[in-house]
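Notes follow once the structure below has been shown.
No experiment lies behind these values; they were computed from the predicted model shown.
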Amino acid sequence: SLLLLLLTVLLRCHHCRETDVPEDALADFSVRLYQQLQAGGEQDNLVFSPLSVAVALGMVGLGARGASLEQLRQVAGVPHLLPGGEFSLLQNLTGPPAEGDSHVLRLANSLFLQQGVTFNPEFLRLMRKYFKAEVETVDFSQPAAVAQQINSWVENRTEGKIGELLAAEDLSTITRLALVNAVYFRGSWKNQFRPENTRAFSFSRDDGSEVHTRMMYQQGDFYYGEFSDGSQEAGGVYQVLEMPYEGEDMSMMIVLPRQAQPPWSSIIKAPLLEDWANNVKLQKVEVYLPRFKVEQKMDLRKTLQELGIKSIFSTEADLSAMTDGKDLYIGKAVQKAYLEVTEEGSEGAAGSGMMALTRTLVLYPQVMADHPFFFVVRERRTGSILFMGRVTTPEVIDAGDGDFDSL
């Protein structure tokens, strides 16, 4: 079987505008993937990387033929592109960050090949060309050693945030190829939050319960808008706040429904993502945003199959562009994602565009994220969605904790 590992890490999304969002061929696929994942746990935090999934499927697509390749193109939303065209959408994201970049965004890819198996040289060449994929030879008959090797590879590229992803039992003697995809991002807010302004706040969860959280605050210039789809969903109106990272080519978009229990499936739609990004306006906003950390490991095999990508997971798979054999298929698809949002930023960036905590009679729009919200972290130039998810439970502090008293 072919073991596909989608490993994703967002490192410290510290407190991420200047171009319209182009049509993103993968936006609809991203939203459908989100809908499928969120259907499994309405009350839970959720984080995943659509871009990571797209890159991994692109890597598989290079080795696919016939119905397997057509299925990937149809479901991923890029059937209109010429063969190989979809890979160019991802190619410029796999390179190293440019010198002087204010953030780090890196897609690191590796192929772990079974010793003695002959792979198509053209497939390996295209992997290096489009995904700059590293290639290593391993012996899957020693699963513990291979698991350790892959885990070390991932850990080294994620500053230790993702460790022990694989256990020996995840591998078997019939595994022939492991595709490993790690997404690394670290950025600092253009407008940072001052830690001294963070206070203890109540956060209302979907089930009606309340938890105490560390609520960050600042008043500053952000991209903001209020939107309605004409229905009564989310009380008819929901707020969208786009917070640029330093450099402004990356941003986090917060979507906050007016009501605490929105039907997320009716709000999060692909056309709306572009509509929000193109119609938020720069203005002074009061922002209350809880600190939060979401970490998730999920099996994407079932989710992708439910979306219609079935062939590559079965013995009917045609991955003949990888190797001459016809017995190659994907046995596992796993993604692990990590996202942390705090006040902190990169050294030397403090004070940029900051305002003191002052209350005046001038009323600015107020974004009070004291109930569940949706978020997107995206690359503004291409519209590529690096991370997508929702927060139903932020960082919780105990009322009896000393930290609570200090807040």
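- The side-chain heavy atoms of L124 and L111, taken from C-beta on, include a pair separated by under 4.5 Å.
- For V377 against M252, the heavy-atom pair with the smallest separation is CG2-CE, 3.6 Å.
- Between the side chain of D170 and the backbone N or O of L166, no donor-acceptor pair lies under 3.5 Å.
- Here the OG atom belonging to S52 is positioned 9.0 Å from the CG atom belonging to L386, to the nearest 0.5 angstrom.
- Between Q71 and I312 there is no side-chain heavy-atom pair separated by less than 4.5 Å.
- Heavy-atom contacts from other residues, nucleotides or ligands closer than 6.0 Å to CD of Q296 number more than 12.
- Across F123 and M59, no two heavy atoms sit closer than the pair CE1-O, 3.9 Å.
- Between the side chain of H371 and the main chain of P257, a donor-acceptor pair closer than 3.5 Å is present.
- F140 pairs with exactly one of I174, V146, L177, T173 by the side-chain contact (heavy atoms from CB on, under 4.5 Å) rule, that one being V146.
- Ring orientation note: the planes of Y288 and F201 are tilted relative to one another, at an angle of 30° to 60°.
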Test log, rule side-chain contact (heavy atoms from CB on, under 4.5 Å), inputs M388 and F374: CA-CA 8 Å; M388 179 183 286; F374 170 83; 3.6 Å; yes
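- Nearest heavy-atom pair, P372 versus S204, reported as atom, atom and distance to 0.1 Å: CD-O, 3.1 Å.
- Heavy atoms only, all atoms of each residue included: A168 and A147 are closest at N-CB, 4.1 Å.
- With sequence neighbours excluded, the residues satisfying ring pair (Phe, Tyr, Trp, His ring centres under 6.0 Å) with F292 are F373, F375.
- Counting only N and O atoms by type, the side chains of R205 and T393 include a donor and acceptor under 3.5 Å apart.
- The shortest distance between side-chain heavy atoms of H212 and S202 falls below 4.5 Å.
- L319 is not listed as a side-chain neighbour of R65, based on a closest heavy-atom distance of 4.5 Å or more.
- Contact annotation: the side chain of V396 never approaches that of T213 to less than 4.5 Å [non-hydrogen atoms, C-beta and beyond].
- R32 contributes atom CZ, which lies 10.5 Å from atom CG of L304 (distance to the nearest 0.5 angstrom).
- Put simply, the side chain of V287 does not reach to within 4.5 Å of the side chain of Y217, judged on heavy atoms.
- With Q239 contributing its side chain and Q366 its backbone, the two residues share a donor-acceptor pair below 3.5 Å.
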L62 and M127: CA distance, side-chain angles, deciding distance, side-chain contact (heavy atoms from CB on, under 4.5 Å) verdict: CA-CA 7 Å; L62 281 178; M127 285 291 293; 3.7 Å; yes
Worked check of side-chain contact (heavy atoms from CB on, under 4.5 Å) between T392 and D207: CA-CA 10 Å; T392 60; D207 61 5; over 6 Å; no
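- W276 and Y238 have their aromatic ring centers within a separation under 6.0 angstrom.
- Contacts of E316 classified as side-chain contact (heavy atoms from CB on, under 4.5 Å), with partners at least two apart in sequence or in another chain: S314.
- To the nearest 0.5 angstrom, Q218 atom CD is 9.5 Å from L289 atom CG.
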Evaluation steps, salt bridge (Lys or Arg N to Asp or Glu O under 4.0 Å), between E242 and R378: CA-CA 10 Å; E242 185 173 16; R378 66 188 186 92; 2.8 Å; yes
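- To the nearest 0.5 Å, atoms CE (M368) and CZ (F203) are separated by 12.0 Å.
- Atom CD of residue Q219 and atom CD of residue E286 lie 5.0 Å apart, to the nearest 0.5 angstrom.
- A heavy-atom distance below 4.5 Å is found between the side chains of M215 and D370.
- In terms of heavy atoms, D44 sits closest to R390 at O-NE, 2.7 Å.
- Judged purely by atom type and a 3.5 angstrom limit, D139 has no side-chain atom pairing as donor or acceptor with the backbone of Q114.
- R73 has no carboxylate O lying under 4.0 Å from a charged side-chain N of E70, or vice versa, which leaves the two without a salt bridge.
- One distance of note links CD1 of I309 with CG of L33; it measures 8.5 Å at 0.5 Å rounding.
- Pairing each heavy atom of F119 with each of R176, the nearest pair is CZ-O, 3.7 Å.
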Residues V60, I330; criterion side-chain contact (heavy atoms from CB on, under 4.5 Å); working and verdict: CA-CA 9 Å; V60 174; I330 298 174; 3.8 Å; yes
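- Panel note: side chain N151, backbone L165; a donor-acceptor pair is recorded below 3.5 Å.
- Remark: the E246 side chain and the Q192 side chain contain no N/O donor-acceptor pair separated by less than 3.5 Å.
- Side-chain N/O atoms of T303 and Q36 include no donor and acceptor closer than 3.5 Å.
- For the salt bridge (charged side-chain N to carboxylate O under 4.0 Å, His left out) with D221, the qualifying choice from K281, K284, K190 is K284, the only one to do so.
- Taking the side chain as every heavy atom from C-beta outward, N45 and K293 never approach each other to under 4.5 Å.
- For R214 (side chain) and A200 (main-chain N/O), no donor-acceptor pair under 3.5 Å exists by modelled atom type.
- The aromatic ring centroids of F387 and F48 lie 6.0 Å or more from each other.
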